[in-house]
Amino acid sequence: MIPETNSNYNPRLVARQRMGRAWQIVFMSSTVLALIFLIVLMLNIINSAFGLVALENTIAPSELADEPLEALEKEALVGILADNIRRNAGRKLEREQRFFADTLAFESQEKWDEVCARAEAPEGCSSTPRDHANVLALVYERVVEQQVLETYPLWDSITRGDEIRAEIEAQHPGATVEFWSWLDRNFLTTPMSSDAALAGVRTAILGSLWVIALTILFAFPTGVGAALYLQEYAPNNWLTRIIQTNIDNLAGVPSILYGMLGLAIFARTLEPITSGQFLGVGSENGRTILSASLTMALLILPVIIINAQEALRAVPSSLRNAAYGVGATRWQMIWSHVLPYAMPGILTGTILAVSRAIGETAPLLVVGAATFMTSDPNSIFSKFTVMPIQIFNWTSRPQAEFRNIAAAAIIVLLFILLTLNTTAILLRNRFSTRR
Amino acid sequence: MVANTMTTEAPQRIATAKPVVAERTEKTGTGRLALDAQDVHVYYDTFHAVKGISLPIHEKEITALIGPSGCGKSTLLRCFNRMNDVVSGVRIEGQILYKNQDIYAAGVDPVAVRRRIGMVFQKPNPFPKSIYNNVAWGAKINGYKGNMDELVEKSLRQAALWDEVKDKLQQSGLSLSGGQQQRLCIARTLAIQPDVILMDEPASALDPIASSKIEELMLELKKDYTIVVVTHNMQQAARVSDRTALLWLGELVEYDETQTIFTNPSQQKTEDYITGRHG
Amino acid sequence: MVANTMTTEAPQRIATAKPVVAERTEKTGTGRLALDAQDVHVYYDTFHAVKGISLPIHEKEITALIGPSGCGKSTLLRCFNRMNDVVSGVRIEGQILYKNQDIYAAGVDPVAVRRRIGMVFQKPNPFPKSIYNNVAWGAKINGYKGNMDELVEKSLRQAALWDEVKDKLQQSGLSLSGGQQQRLCIARTLAIQPDVILMDEPASALDPIASSKIEELMLELKKDYTIVVVTHNMQQAARVSDRTALLWLGELVEYDETQTIFTNPSQQKTEDYITGRHG
Amino acid sequence: MSQTPQSNTSSDVLPDLSSRASIGESIIAGILFLCGIISILTTISIVVVLVREAYLFFGASEVTLREFFTGTTWQPAIGRFGIWPLINATLMTSFAAMLVSLPLGISAAIYLSEYASERARSIIKPILEILAGIPTVVYGYFALTFMTPLLRNIFGTDTVDIFNTGSAGIVMGFMILPMISSISEDALRAVPDSLRNAAYGLGATKFETAVRVVFPAALSGIMAAFILGLSRAVGETMIVAVAAGAGPRNFDSWGEAFSAEGFNFFKAAETMTGHIARISQGDISYASLDYSSIFSIGLMLFIITLILNIISRSVVNRLREQYE
Amino acid sequence: MQLHRSILESNLQELQSKLQEMARLSLDGLEQAIESLKRGDTALAGRVIAGDDKINQLEVDIEQTVVVTIATQQPAAGDLRAIIAALQIATELERIGDHAASIAKVTIRIGGEKLMKPLIDIPRMATNGKDMLMKSLKAYEDQDSILAHEVAADDEDMDLLNNQIIRELLAYMVEDPAKITQGSNLLWVTHNLERIGDRATNIAERVLFMKTGETLDLNR
Amino acid sequence: MQLHRSILESNLQELQSKLQEMARLSLDGLEQAIESLKRGDTALAGRVIAGDDKINQLEVDIEQTVVVTIATQQPAAGDLRAIIAALQIATELERIGDHAASIAKVTIRIGGEKLMKPLIDIPRMATNGKDMLMKSLKAYEDQDSILAHEVAADDEDMDLLNNQIIRELLAYMVEDPAKITQGSNLLWVTHNLERIGDRATNIAERVLFMKTGETLDLNR
Ligand SMILES: Nc1ncnc2c1ncn2[C@@H]1O[C@H](COP(=O)(O)OP(=O)(O)OP(=O)(O)O)[C@@H](O)[C@H]1O
Ligand SMILES: Nc1ncnc2c1ncn2[C@@H]1O[C@H](COP(=O)(O)OP(=O)(O)OP(=O)(O)O)[C@@H](O)[C@H]1O
Ligand SMILES: [Mg+2]
Ligand SMILES: [Mg+2]
Ligand SMILES: O=P([O-])([O-])[O-]
């Protein structure tokens, strides 16, 4: 020990060091708590996305055929359909999409010709026939009519699987018990359905992609342009200050208000444009991908601008001086030095903003996402739904199995976001270490 | 644009002004003026940073600007190639003659001025590009038509950097040490073949060794270029410059040959500053 | 802990080592040692930054550490009050004796060491608190029992700052000029009444005028304190210090009275460095 | 001035210093300016939209401004438009959120910036960023499927409703936590190391350095984090839409509104944002009072968050000045 | 806070006071040497010769201080000129000390021998030399260039006086060859005194240099 | 990139070459002065006296260069000692020039008068002095301290020779009072030559100072 020799001071070192250690534990625990929360959240979702389900079929597949249904030819499957559903329902299916290219399964040829001759011919008249998987799905949906009686979370399924099986045995004697992953290939590739067991997220994923692609197209150039204007060109006057203040404030406006803006302006006032009616195509109203994208673009624009400004501000003024010093014009300076230097920062900021946009729900809810949509979007004037809307929709439903597919959809969404965020972080780290 | 006689006699007109601008026999230089600041005032919004300074800059000599912090050295220096235009809220009065033209006259493009009057800054600021491109870029945008490889080599040689970098021209300019970076910045300026090189504390961010290399380089360069250098380091001004101007609160206290300033200044203020008795 | 005789004879053991540590008759100081570094090595992870330096620091004198950038001056200085402990990946070997104790011995709390061996940094770093609290804070946490107002006034007076700030003690320390801030930082250190004050380029961030004020202050302070100062500015070392140590690539080249180092060094490397012929 | 014979023979060639045509430069500047203006248009649109619809709303015969601000019931079906129930719910969820996020967030920030090793930081920081990147609807899901059952387990199913503000608020707190800890940490790390060195140099312990030097120096940044977090909580929609309840908790009188029951965290309630989200779902008619009523709520929301933002920015600016 | 460059100033101070010390010692030496000559006091002369060591040592000290000051304090302008002047004045003073010693040596050489005539002009010359020296030192201390110029004027008188004494002594010697040895010794004394005048003039030159930075030659 | 402090080195170079020039001029002056004395060539003597101006000017130049170099180049250690040494050597050389002029003045004072005896010892002394001077300058150029010590040893011979000449001249004068004037003039010449030896020794001292930083007194 170094003794205190100055009698004017009494440092009480031991006590001070002890107090320091106590608080350090407090600080660390808080951090750990936040991490625990994240883990619990993830586990909770995984817990719901997988697990045992109790199933009951109206007709057991074994009663329909000797072999497993999957092994049957398409013709046989259509035969099963024809045997088990009402003819009207069959016709309806055929009008949506025909079963065979050459023959008709439910409709008579004359009736078919007549229907197809109408001005508004159904899609089935022109579409390619249903494939095997489609027909198989129809068999399950319409004939086997598998119903989910009960679902169990993963944790319970693992820890007390036998108990659960016994329980189900007791309550639903005819039911089968299966271990399901709610997240599977089918889930990703099938469209929405009102039956949780059959529903998928394809439409929503495609919707999200459309909306985001368009959003980036609108927001990125504008955002970078605005940032360049503010950082490199704007004179220091009232207008600039107003723009700046305004952008800062916009970044803090709750997202739902953007939704209201989108609703009032894009979906309603600009309906003729956003619906595509001015081109004679598209939907009946303005609640389209275009409206959604424009809304989203406005929403993330301030974020992009602010991030880009930050990145531009990080460009050392010495670099600008250097360029001027060798006789560069302003744009030469920006194009050759400022932008390349700031681009990683700008991209990082943009990716983060975009990943926020992907997860945004409220504004699109307000702009008018379709809550139930089975056909894929195919133009900017299509109706739309997106992943988070789908999740919200499923979460809000009372039936337990929708929670399970909501969880599965969440995993998909989180996976996309995680990928984007990781890209952003890697990008940032790579360029921050390079300097 | 004002046609002005730019001769060694030019400073006469200043002789009547208070700051004593002495003229002696030249030891170095050509005896002509490279630049001639005439009654220059600079305002930052309302702040009067440079107060009517007249300063003839002699060709192929090193002129040093010294003075306490905030006295307007950098501001004055940046007037010489209109770098102040980049700063917002600056107003400049007076004339700066370069080859008989006022560089502040209407119709003069600051970009053209900067091409003739290059600048080197306090902190080495190479572009985050390869060494080669650092040197070539300025020449390229200024439409250099000759052999670029030769120009790059020549500029790097002149900046006493060639031997150290000739095997790694494609490496980033940022991979060099501070002193090398500063010489790279000088090479970059040389590549646009200016007449005058302005340097704002070019060695103050460097350690003494790198700093003396820059000093040696300046001495080498003055054979071909006119150099105006701002420095905080009085001893540095003493070591390298041919003429020294002492600024104080935006005014020119004294401007004379460096050896006179440092051995026998005519103003008491200079004497006090030089001898370290600045109160 | 090693009980070591701390007398003027202590440096004898070094005489056998290569760097010549000359002992002359004292002009100032008490003739005793305030600190005694013995064969100190510092490693940053695997990098050997300080290579077995032995350096006796004389009480109530100013000892200057000079040398080219990266030679380990700051690293060595920070060993003297265990500030290196704050840096991760540092390993220190050897002993530094303070009042017959090795400050690196097990059981020595670095906090206690720093309380006795204060430090002033390159960039003025006042706390964003009032001037008064800047000075009082360190004393307070160290359990100062006397009259705080008096201590603050005394410390500010010692730091030659009292007259400039006595009417605005409640203003933020950051509202002062750079030079004043640095003197505030010195006052803050004085308020904990250390024995030794370490200064790492205390004036290098300041302009020449503020810088000379710090130099004057150091001369004033050495009446009561032992000062070890790192400086890039050789001339500054020459001006203020009683002894100068030249470091080179982590080794001690020469350590002697300043006037000997600057007029008649015994090592050729010192001569070259001092005369500016560092290649 | 007289031309002396020696005059400036160096001017072999008079250099051309005149302006080059720079129309391209001007066009670019113009385009960039237009980009900057878009943000102004956005704000104007928001204000115009909100104010116009709100004006229609207040112009309707069923609604009076007085009732809007003094009523304690929001029941459009019977023409009762007192906004308090919605504000009350917003306050409750926000309060719960801040109660969770502030102490945890700041503690975590101090830990990360002052104590954690570089390695620990490099692991924990991105994880917290993940937390910040999770869409709010997922938090809503979590509140509904985990937090509420947990609360019901602890406090009993009778006390705790399936939809309740407490669960939404707590989860919202964790949603905001990374934001608070990240901004606070930035503020703490923005405190220059030289200040820490100064404290160590005076014989301060690590804790004293962190809490008595670094923390106060970063206080305005931390304040800004708090206010931004609050603003975020007030504007948050999906968590409350999913977990807090799907109908305003109406009160018969102000007395009831300010009774313990009025602030019961275990009961369902609908916040301003939750209400907007619910009403705007589905095909509401643009001409209906429902439609314009949500714009009046939106206007309130806009004003509240605007004020919070302005406060936080001025705090941040003060921080900036301090260090420049 | 006031800036005064304490070390530089204390060094300048030190130089100043050492110079004063030297001046005092050499003036004393001169006076005593003349006194010893007048009185034929060889013991006193011995003391003068011994005292010269002190003066020499002071010159060495001053030289050391000058080098250290230049090396460590980087003086410029007036300070630098003052330091260089101090160095050169010290050389002059050292030589004046030598001259005094030379005169004392004459005393010893002459021994107890009676002087060929009572000394009148030589002491007068010595007094003149002392006056010039004191004047030049005062000019140095006060940086008084007028006084410095006066010194140069005085030197002319000194030269006249010198020539007169030489003629006189030569006449004596021609008259009485027995006095040749003593005469040439006394010639030597006057020569030394004349040189002291030159030295004083040199000091005055240094003062002017220090004040103006111009080097002139007042001996011309 | 190699560092060489070009201005400082060119200044040092300049000092060096000016010193050499001074040395050359003063050696020439000395030689010619002795020659003029031997031959009674007053015209040559006149040229020697006139040539002294050049030497004086060089000293002023050197002084100026020294001050400028110190003020602008902040020399330290060896550089600084070399500069200070140059300043002091210049002073010595200037004085040597004066001595040569003094000897030349004697030639003029003697006029056409026949010398009382053929000059043998005086030219020998002059040659000795020249040798010493050359040696000391070589020591300066080569920083050769051994040579410098040799110079000091030579000075002892010089003093012996001087005493011998003085005795001899005095004897002549006592013998023939008519030769007193010329004799005392020749005494003056030997004195000047003796001083030249001292000067050379001083230069040697400076060389040692420059090499070691120690000031010693070889005259002791
Ligand atoms: N952009 C600016 N806006 C307002 N005032 C400025 C600006 N730049 C400089 N000044 C002020 O002008 C004065 C002169 O500044 P300048 O940078 O020329 O000083 P300097 O002599 O170069 O000082 P230093 O040695 O610190 O670089 C200072 O008082 C400074 O505060
Ligand atoms: N924290 C660190 N980690 C690794 N290496 C370091 C660290 N700090 C310093 N070094 C290295 O140790 C060596 C000595 O550094 P130090 O800062 O002591 O040098 P210095 O002499 O003070 O230089 P300067 O004059 O530039 O301040 C340098 O080579 C440096 O790169
Ligand atoms: Mg500047
Ligand atoms: Mg350092
Ligand atoms: O010392 P002096 O030979 O010049 O008298």
Side-chain angles (χ1 to χ4, degrees), chain E residues 53 56-57 59-64 66-77 79-81 83-85 87-88 91-92 94-95 98 102 166-167 169-181 183-185 187-188 191-192 195 198 202 205-206 209 213-217 219-220, chain F residues 52-53 56-57 59-64 66-77 79-81 83-85 87-88 91-92 94-95 98 102 166-167 169-181 183-185 187-188 191 195 198 202 205-206 209 213-217 219-220:
Chain E
D53 272 359
N56 292 340
Q57 186 52 45
E59 195 218 350
V60 172
D61 283 2
I62 286 176
E63 198 171 306
Q64 194 71 35
V66 164
V67 171
V68 166
T69 306
I70 293 176
T72 63
Q73 300 299 315
Q74 301 96 38
D79 292 339
L80 176 57
R81 295 202 310 274
I83 290 171
I84 296 290
L87 179 65
Q88 295 177 315
T91 316
E92 305 295 343
E94 192 264 343
R95 273 317 141 74
D98 286 354
S102 287
I166 290 175
R167 270 197 306 278
L169 281 173
L170 285 179
Y172 270 103
M173 284 155 76
V174 172
E175 220 166 80
D176 178 0
K179 287 191 177 133
I180 284 181
T181 309
S184 63
N185 269 324
L187 271 180
W188 186 227
H191 166 65
N192 274 302
R195 293 303 287 151
D198 288 353
N202 286 346
E205 256 173 44
R206 297 306 157 200
F209 163 72
E214 307 289 313
T215 322
L216 4 135
D217 201 336
N219 273 334
R220 270 320 75 88
Chain F
D52 190 38
D53 271 0
N56 291 341
Q57 186 52 45
E59 194 217 351
V60 171
D61 282 2
I62 287 177
E63 197 169 307
Q64 194 71 32
V66 164
V67 171
V68 166
T69 307
I70 294 176
T72 63
Q73 301 298 315
Q74 301 96 40
D79 292 339
L80 175 58
R81 293 202 311 273
I83 290 171
I84 295 290
L87 179 64
Q88 295 177 315
T91 316
E92 305 294 344
E94 191 265 343
R95 269 320 140 75
D98 286 354
S102 286
I166 290 175
R167 269 197 308 278
L169 281 175
L170 284 179
Y172 270 101
M173 284 156 74
V174 172
E175 222 165 77
D176 178 359
K179 288 191 176 133
I180 284 182
T181 310
S184 62
N185 270 324
L187 272 180
W188 185 227
H191 166 65
R195 293 302 287 151
D198 288 353
N202 286 346
E205 255 173 44
R206 296 308 157 199
F209 162 73
E214 306 289 312
T215 319
L216 1 136
D217 202 335
N219 273 334
R220 267 325 72 90

Atom group of F:Gln57 that falls short of 4.5 Å from chain E, counting heavy atoms: neither
Which heavy atom of F:Thr91 sits nearest to which heavy atom of F:Leu87, and what is that distance? OG1-O, 2.9 Å
When heavy-atom pairs shorter than 4.5 Å are enumerated against chain E, which of F:Thr72, F:Leu80, F:Ile83 gives the highest number? F:Leu80
Is there a side chain to side chain contact (heavy atoms under 4.5 Å, CB included) between E:Asn202 and E:Glu205 once you walk through the steps? CA-CA 5 Å; E:Asn202 286 346; E:Glu205 256 173 44; 3.9 Å; yes
Look at the side chain of E:Gln73 and the backbone N and O of E:Ala71, then say whether any donor-acceptor pair between them is shorter than 3.5 Å. no
Given heavy-atom pairs under 4.5 angstrom as the criterion, report whether the side chain, backbone, both or neither of F:Ile70 touches chain E. both
Separation between CZ (E:Arg195) and CG (E:Asp98), nearest 0.5 Å, reads 12.0 Å
